[in-house]
Amino acid sequence: MADYEKLSLWQAVRRWPKAAGISLCMALNILLWGYDTAIVGNVASMPVFQEVFGEKYEDKYIIPSIWLSIWSVAFPIGTMIGAATGGWIQDLTGRKWTLGIGSIISIAAIATCYISDLAAQKQAAMFGGKLLEGVAVGLIMCSTQTYMSEVVPARLRGPIFALFPAFQLLGQLIAAVVTLGLLPIEGPSSYRIALATEWPLSAIPLALAIFIPESPVWLLQKNKEQDARKMFSKVHGPKVAANHQDLFDDMNRAVTEERWAAHDRSATYLECFRGPNLKRSMIVVFANTVPELFGLTLIGHASYFLQILGLTHSMSFIILVLGVVLGLFANIGSWWTLLKWGRRNLTLVTLTTCCVAWLAVGIAGIFKSVNVAYFTAAGMMFIIVTAGLGAWPASYVIASETSSLRLRSKTQGVGWLLGGILNCGFGFGVPYLYNADAANLQGKVGFVFLGFCAAGVAMTWFFVPELKGLSAVEIDRVFEKHTPVRRANTAQWESVPNADDEMPLRNLSTSGSDTAYDRRSMISSTGTTYEHAEPKEAFEPLRKRPTF
């Protein structure tokens, strides 16, 4: 692992080209997430859609507030349902076939939305379609994150998971361009075509489920070591797999140790909240809320928010698109920053910088001037670039690598579920902070997000360890041995047995392959014979484990 950490991004991609290619293909699933969240909102702004699904108010058609509110929560609620059930489905059917199930549900959901204007209760049919699409996206995203975390080598984890916010923004940008291009079309065809453009993206997960290899980790958890070796070879290519058996051995050892620690019990959601797994689950939940803490929800409302501050509609829309483009380039830049610096330090530095920026925005909001609106817009773009280089993509890396392999799918489900609840709270509450008919803070809302960012800095400082470059076994030991978070990156051991490790042979003997352990029998005072495994003398740690 120490040698791998010396590789540059290009060297790492050249060493594991097929794994990087598969991960890039998997990232296409994220386009569906970003595209769906944007296209649904953009379609509702089309005049023809408002005429069909709305009611006449004075001299124009509007969507009733009750339906706007119900529609706005349908997708996140569905996403939470999909994420919660996704962990169980992944462990039952495998990672890739969960993608296929989510894809089929997504195709059906979009069809429901497409024909919803033919139903007697059009608004209710649209709600059902949005809710079902949320379930599909929850399944797909949870499975995508789990799969990528299990097949991506440690050196590529940072750049690969930086694709999550980048492709999310790209999906939103494509949706905005598509909607803008369809506005001149008259009649219901305009919003129907917009909804139909989601079908190709919905089919991508199904295609991936057919062609990509299954996760070797899932197969190891099912005691199918030979199949796991075949899939490992397919993920990396036969030549690369043969040269990097250390990665497979580390994966196998981590799965075996975790199975031993759990006494061969099946993984349950309840275990995510027991012992060291509780801390790991809470870190995953926290990582899922980092985008809300630095202000992504408010930045997503930038067009309307800046209009309240005095900018014109056209200027606010230009700034919104510019912010999306800058965020996209910043997330591409994070491919380098995540390789050079650790997740913990990068999150601390960028969130602290965002604190300063929100403080400046809040102070500017005290004054009344059109220049305040431009200053606020510049501050928000600075924040999206800063977070895009650090805390935003780092949060996805932290969420993906913190959980144990055995509980990874279920922990991801818990993270998306609880994180989604908090995100719904932000989505519902933020408009009340700045809107004229509520708190009317306007630019002074910067002080509120200063507090959120400061909370994110504190949580990262006290609870998030640095896991950059650590193998699955080493990450397990960081939490099992309660290593202080500020010293986790110094607690690196090779993926070989240590002198104080003992493990029952019943879990090691399932593979039938040679292991790093020798058999030893012990007879208790009651006459019961126990079998243990002790490290072979030939396996010595390559560097001394630090003491704490």
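Reckoned from all heavy atoms, side chains included, excluding hydrogens, waters and symmetry mates.
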Minimal heavy-atom distance between Ala162 and Ser334, with the atoms involved, is CB-OG, 3.2 Å
Rounded to the nearest 0.5 angstrom, the CG-CZ distance for Leu28 and Phe167 is 6.0 Å
Can you tell me how far the CZ atom of Phe294 sits from the SG atom of Cys354, to the nearest 0.5 Å? 7.0 Å
How many angstroms lie between CZ in Arg192 and CG in Leu182, if you round to the nearest 0.5 Å? 14.0 Å
Going through the distances and angles, do Tyr374 and Leu309 end up as a side chain to side chain contact (heavy atoms under 4.5 Å, CB included)? CA-CA 9 Å; Tyr374 286 104; Leu309 297 182; over 6 Å; no
Where do Leu467 and Arg157 come nearest, in terms of heavy atoms and distance? O-NH2, 3.5 Å
I need the Ile81 CD1 to Ile77 CD1 distance, nearest 0.5 Å. 7.0 Å
Are any of the side-chain heavy atoms of Thr98 and Tyr147 separated by less than 4.5 Å? no
Leu417 and Ala83 have their tightest heavy-atom pair at N-CB, 4.3 Å
Hey, is CH2 on Trp97 packed in by over 12 heavy atoms from elsewhere, all under 6.0 Å? yes
Under 4.5 Å between any side-chain heavy atoms of Thr197 and Tyr35, yes or no? yes
Roughly how far, to the nearest 0.5 Å, is CE of Met459 from CG of Leu348? 12.5 Å
Note: Phe286 and Gly456 closest approach over all heavy atoms is CZ-O, 3.6 Å
Any luck finding a side-chain donor-acceptor pair between Thr146 and Arg408 under 3.5 Å? no
With a 3.5 Å cut-off and no angle check, do the side chains of Ser202 and Ser106 form a donor-acceptor pair? yes
Exercise: identify the closest heavy-atom pair between Asp117 and Pro188: OD2-CB, 4.3 Å
Please assess Trp392 against Leu169 for the test side chain to side chain contact (heavy atoms under 4.5 Å, CB included), listing each intermediate value before the final yes or no. CA-CA 12 Å; Trp392 194 5; Leu169 286 172; 3.6 Å; yes
Does any non-hydrogen side-chain atom of Leu346 lie less than 4.5 Å from one of Thr337? yes
Decide if the gap between the ring center of Phe452 and the ring center of Trp358 is smaller than 6.0 angstrom. no
Please work out which of the three classes, parallel, tilted or perpendicular, describes the rings of Phe164 and Tyr396, given edges at 30° and 60°. parallel
Determine yes or no for a side-chain-to-main-chain donor-acceptor pair under 3.5 angstrom, with Thr402 supplying the side chain and Val284 the backbone. no
Would you indicate whether the side-chain heavy atoms of Met26 and Leu99 approach each other to under 4.5 Å? yes
Closest approach of Met126 to Ser116 (non-hydrogen atoms, all atoms of both residues): CE-OG, 3.3 Å
Can you list the residues that meet the salt bridge (Lys or Arg N to Asp or Glu O under 4.0 Å) rule with Glu150, with sequence neighbours excluded? Arg95
Test item: Thr112 side-chain N/O and Ala108 main-chain N/O as donor-acceptor pair under 3.5 Å: yes
Taking the side chain as every heavy atom from C-beta outward, state whether Trp341 and Lys468 have any atom pair closer than 4.5 Å. no
Is it the case that the side chain of Ser190 and the backbone of Gly187 share a donor-acceptor pair, with hydrogens and angles ignored and the cut-off at 3.5 Å? yes
Working to the nearest 0.5 angstrom, can you tell me the gap between Leu139 CG and Ile104 CD1? 11.0 Å
Side-chain heavy-atom pair Tyr191, Val52 within 4.5 angstrom cut-off: yes
Validation row: Val414, Phe273 side chains within 4.5 angstrom (heavy atoms): yes
Keeping Lys410 on the side-chain end and Cys272 on the backbone end, is there a donor-acceptor pair under 3.5 Å? no
Any chance you could lay out the side chain to side chain contact (heavy atoms under 4.5 Å, CB included) test for Phe75 and Val137, step after step, and finish with the verdict? CA-CA 9 Å; Phe75 185 84; Val137 171; 3.8 Å; yes
For the pair Gln168 (side chain) and Trp33 (backbone), establish whether a donor and an acceptor sit closer than 3.5 Å, ignoring hydrogens and angles. no
Test item: Thr93 side-chain N/O and Gln90 main-chain N/O as donor-acceptor pair under 3.5 Å: no
Find out whether Leu293 and Cys453 are in side-chain contact, i.e. whether some heavy atom of one side chain is under 4.5 Å from a heavy atom of the other. no
CZ of Phe329: more than 12 outside heavy atoms within 6.0 angstrom? no
Tell me if a side-chain donor or acceptor on Arg343 pairs with a main-chain N or O of Ser395 at a distance below 3.5 Å. no
Go through the steps for Phe53 and Trp71 under the test side chain to side chain contact (heavy atoms under 4.5 Å, CB included), then give the verdict. CA-CA 12 Å; Phe53 286 85; Trp71 288 349; 4.0 Å; yes
Side-chain donor/acceptor of Glu133 to backbone N/O of Gly78, under 3.5 Å: no
Can you pull the side chain to side chain donor-acceptor pair (under 3.5 Å) pairs that have at least one residue in residues 285-297, sequence neighbours excluded? Glu292-Thr297
